[in-house]
Every structure is written in C-alpha cells, then in structure tokens.
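Let me begin by presenting the structure, written as structure tokens, before commenting on it.
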Amino acid sequence: MLLGLTATGVPAQRAHAVNGSTSPCALQGRGTTVDEGQNTDYTQFLDPLGVKNIGIVYVDFPDAAGAGDVADYYNLLSPAADWVWNASYGKTGLSMRPVVNRWLRMPSASNAYGTSSPTYQQHTRYVTDALRTAADAGADLARYDLFYIVSTAHSRVSGSHTWYWTPTQPIVIKGTTIRWAVTFGTDMWHWGHKVAAHETAHVFGAPDLYAFGGDQHRYVGGWDVMGHIAGAAPQYFGWLSWKFGWTRDDQTVCVWQNRTQNTATLNGVEYVGGTKLLVVRTGATTAYVAEARRKAHNDSAACSSGVLIYKVDTSVAGGQGPVRVVPNPNAPAPPAGCGTLDMATWQPGQTFYDPAAGVQFTVRSADTHNSTVNAVKW
C-alpha cells in the first residue's frame, strides 16, 4: 500500500503560469496546489527544468541509532537521478550529495514526528530539527534547492512525504530559507529509488494518482509512478511531462472546437522527440488525452503497448482520480502480475467513443515507436 506517499501542507499563494503554454488545451488548475493544471506556481513549487542541487541528510534518533553505512542509503536512492533524467528527456537533473556524510542525531525520539502520517506541524518540526542539526554540524544549506532527509532503517518513521514551505511562516536556518524537502521513511527499502521519483514530482507540483481509499489502483493501474510506484509502466504520463515543460506545445496536437478532428502520429512517451500528445478538450478543466506507450526504457516491463487513452480533470484533487485511464473492453486478459488497466492500450483498427462528451479516438496504424491516431470532437 502507498500509505504516507502524500504531499502534506500546501499553503495558498497567487499562481502564475510558468511553463508558458499557449495551447487551448492547456487546462488551468489552482496553481498553488498539487494538481494536473498547467499553471503551476513555481514560487510555491520547485521549477522542474534544469539541474536541481539536492542535499542528503542522514538522521538517526535517541531511540534508533544509525543502522549500517550511509552509503547504502545513498546507493538505494541515487538511481532516481538517471530515472528522472530519462523521463524528462534530459531536461531535469538531480544532483544529489550528502550535506554531511554521516549519521546526524535528531533531538527527539523517532516517534515524535508523526511516523507514517504526520501533520504539517509535525512534519515541519521534523524538517526543522534535521536541517538545524545539519547546519550545526557544518553544512552550508544555502547550496541546495531541495533536501532529502533520510531516516535510519530501524526508526519508527515509516512513511515518505513531501514538505513545502509556508511563505508566511518560513523555516529560516542560519540565514537560509528552506523551501522544499522530502523525508524518506522505512518504506524506501520497499519501493527503492522510484519513491524518490514519486516524491520529487510532488515537489514539482504533481498530484497523487492512486486512490486514497478502496482499490488504490482503480484510476490508473500501473501506469505512472505517481500512481503505483511498483507499477509495470512507471513513466510519467505525457500530460504531466507537458505540465513540467519536458514536452512542448509543438509536440501536442489540440482539438478544442466542436465538429473538428485531427490526426497525429504519436511517438512513444518513452522516447525523445516527436509528437507526444493528442488532446481533446471537453470543458474548462477537462480533456481526453491519447498518447503512445511502448515497452522501452523506463517502461521496459510494461504489461502492454499501444495507445493509452485517459481523462484529465484539473479540478479533482490528488487521491480522487485527477487522471483516469480508459479501459479497453477488447484488451486481452491480463497475465500474472498485471491488472485490467495495465492492458488498456488501444490497437490499430480500434475506436473509443464517449457519446456524452462527444469524443472519439481511432487508432489508424502503429509501428515499433509510433501510433497514428485520429481524434474527433462532435
């Protein structure tokens, strides 16, 4: 279960559209919350583009001494840098290095910080204590954009969480304002480096795509690491890549007017270049999206390949289904280890039609890297 993999405490602030999209299909969100809108406020969140300097802080506690060599913890998380580099088409670099290359003792016991589901106040205390301890040990906090705070494997800090700053009550340590941090709990030993890919995307403004109750994977299955961290096809959805600025407007084909259609040859989102998205806007905050998925790179273990069709609603909060994959009723039965939505890709000759929305997608053809898709808005 992905308990604890949530973004806690997102305070309000005026939004601005940083990625600069002018497409009629660039749906807007609140900007100051983790949502699927294009207008992310990158004073509240960390701008994804470019190299991000990440300071790693290793912490232990009076009730849980540091277990093992800190290098083992670094080696578990560091592959996230290559993973995100590939996912971003080389547009985002995670430069990780320890602020102090040893265990730093926290002032309170490990259960004093909320363990699996901390409040914003508990989480703020944890981040403050960790970074003040690091600064007292000689770390120059001003060198870093983001902090990874890594707890010893024997602590009672079980969940991993993202922390965002509050402009009206910032954490300031020795003159440095702290804006973003990820705290890694013992669950990192289950999820591995992809928990860093998940939590870092929260820092960039992405919401959770798994359900907070019931069947956690009923919305997107194993597509996108923001849904199922251990899913078979964890590459971020093309829509999120567009939000982050990894995919440009000229790589997105938009259909927004009634009684219009367009055809696009979509290059798999796992590859660099080409057209990535065919979007049909259906409302102020809603759209259908088609993208090509292939068993390659970050998706090499995908259960199926073809055209993935999903609905986006930027007004829906994380955990409630802001992205919902459309199942393919003609898909083959899922093999062991795969679910129904993992098989939801559409193949040449197949058509999806939503009469209520007046939207139709037809897959015309496909090759190793591309799928040609026609979209109609009635």
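From a predicted model like this one, the values you see are computed outputs, not experimental measurements.
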All side-chain contact (heavy atoms from CB on, under 4.5 Å) counterparts of P170, not counting sequence neighbours: W165, V172, T177
Verdict with supporting geometry, D82 and H193, side-chain hydrogen bond (donor to acceptor under 3.5 Å, both in side chains): CA-CA 10 Å; D82 283 342; H193 68 274; over 6 Å; no
Check ion pair D354-K311 (N to O, under 4.0 angstrom): no
Sub-4.5 Å side-chain heavy-atom contact between W103 and T152: yes
Minimum heavy-atom distance between A153 and W189, given as atom pair plus value: CB-NE1, 3.6 Å
Considering all heavy atoms, the nearest S21-W242 contact: OG-CZ2, 3.6 Å
Side-chain heavy-atom pair Y58, V100 within 4.5 angstrom cut-off: no
Under 3.5 Å donor-acceptor, T200 side chain and A196 backbone: yes
Close side-chain approach of L266 to L278, heavy-atom, < 4.5 Å: yes
Any side-chain donor near an acceptor of the partner, R156 and T186, under 3.5 Å: no
Q251 side chain to G274 backbone, donor-acceptor under 3.5 Å: yes
Interatomic spacing from OG in S304 to CZ in R294 - rounded to 0.5 Å: 10.5 Å
Which atom of T115 lies closest to which atom of H161, heavy atoms considered: O-NE2, 4.3 Å
Listed once per pair and sorted, the ring-ring contact (aromatic ring centres under 6.0 Å, His included) pairs that draw on residues 277-303, sequence neighbours left out: Y271-H297, Y288-F352
Parallel, tilted or perpendicular: rings of W246 and Y236 (30°, 60°): tilted
Short side-chain to backbone donor-acceptor contact, D41 and T43, under 3.5 Å: yes
With T275, the side-chain contact (heavy atoms from CB on, under 4.5 Å) member among T265, D250, N267, V253: V253
Rounded distance [0.5 Å steps], OG in S155 versus CG in D60: 9.5 Å
G29 to N39 - nearest heavy-atom pair and separation: N-OD1, 2.6 Å
is_close_aromatic(F204, F244), centroid dist under 6.0 Å: yes
Electrostatic pair R30-D35, nearest N-O below 4.0 angstrom: no
Heavy-atom side-chain contact between N258 and W378 under 4.5 Å: no
Salt bridge (charged side-chain N to carboxylate O under 4.0 Å, His left out) pairs, two or more places apart, involving residues 114-142: R125-D129, D136-K174
Side chain to side chain donor-acceptor pair (under 3.5 Å) contacts in which one or both residues fall within residues 278-287, not counting sequence neighbours: T282-T286, T285-D313
Side chain N328, main chain M343, donor-acceptor under 3.5 Å: no
Atom pair NE2/NZ of H228 and K194 - distance to nearest 0.5 Å: 9.0 Å
Spacing of OG belonging to S160 relative to NE2 belonging to H190, to within rounding of 0.5 Å: 11.5 Å
4.5 Å side-chain heavy-atom contact, T351 and F361: no
Sidechain-backbone polar pair: Q169 side chain, T166 backbone, donor-acceptor under 3.5 Å: no
Heavy-atom pair of closest approach, residues A233 and A302: CB-CB, 3.9 Å
Disulfide (SG to SG under 2.5 Å): pairs with one or both residues in residues 233-293, sequence neighbours excluded: C25-C254
K276 to Y89 six-membered ring, cation-pi geometry met (6.0 Å, 45°): yes
Whether T124 side chain and Y120 backbone form a donor-acceptor pair below 3.5 Å: yes
Any donor-acceptor N/O pair, N75 side chain to A71 backbone, under 3.5 Å: yes
Note, Y42 side chain near P48 side chain (heavy atom, < 4.5 Å): yes
Parallel, tilted or perpendicular, as decided by the 30° and 60° cut-offs, for the rings of H123 and Y126: tilted
Interatomic distance, H198 atom NE2 to L209 atom CG [nearest 0.5 angstrom]: 8.5 Å
Any donor-acceptor pair under 3.5 Å from K243 side chain to G37 backbone: yes
Backbone of G238 reached by a side-chain donor or acceptor of E291 within 3.5 Å: yes
T345 side chain to S305 backbone, donor-acceptor under 3.5 Å: yes
Which atom of Q235 lies closest to which atom of R293, heavy atoms considered: O-NH2, 3.1 Å
4.5 Å side-chain heavy-atom contact, F184 and L77: yes
Between OH on residue Y219 and CZ on residue R324, distance to nearest 0.5 Å: 4.5 Å
Pairs flagged by disulfide (SG to SG under 2.5 Å) wherever residues 323-378 is involved - sequence neighbours left out: C303-C338
Test item: L131 and F147 side chains (from C-beta on) under 4.5 Å apart, heavy atoms: yes
Pair T362-N374, side-chain donor/acceptor within less than 3.5 Å: no
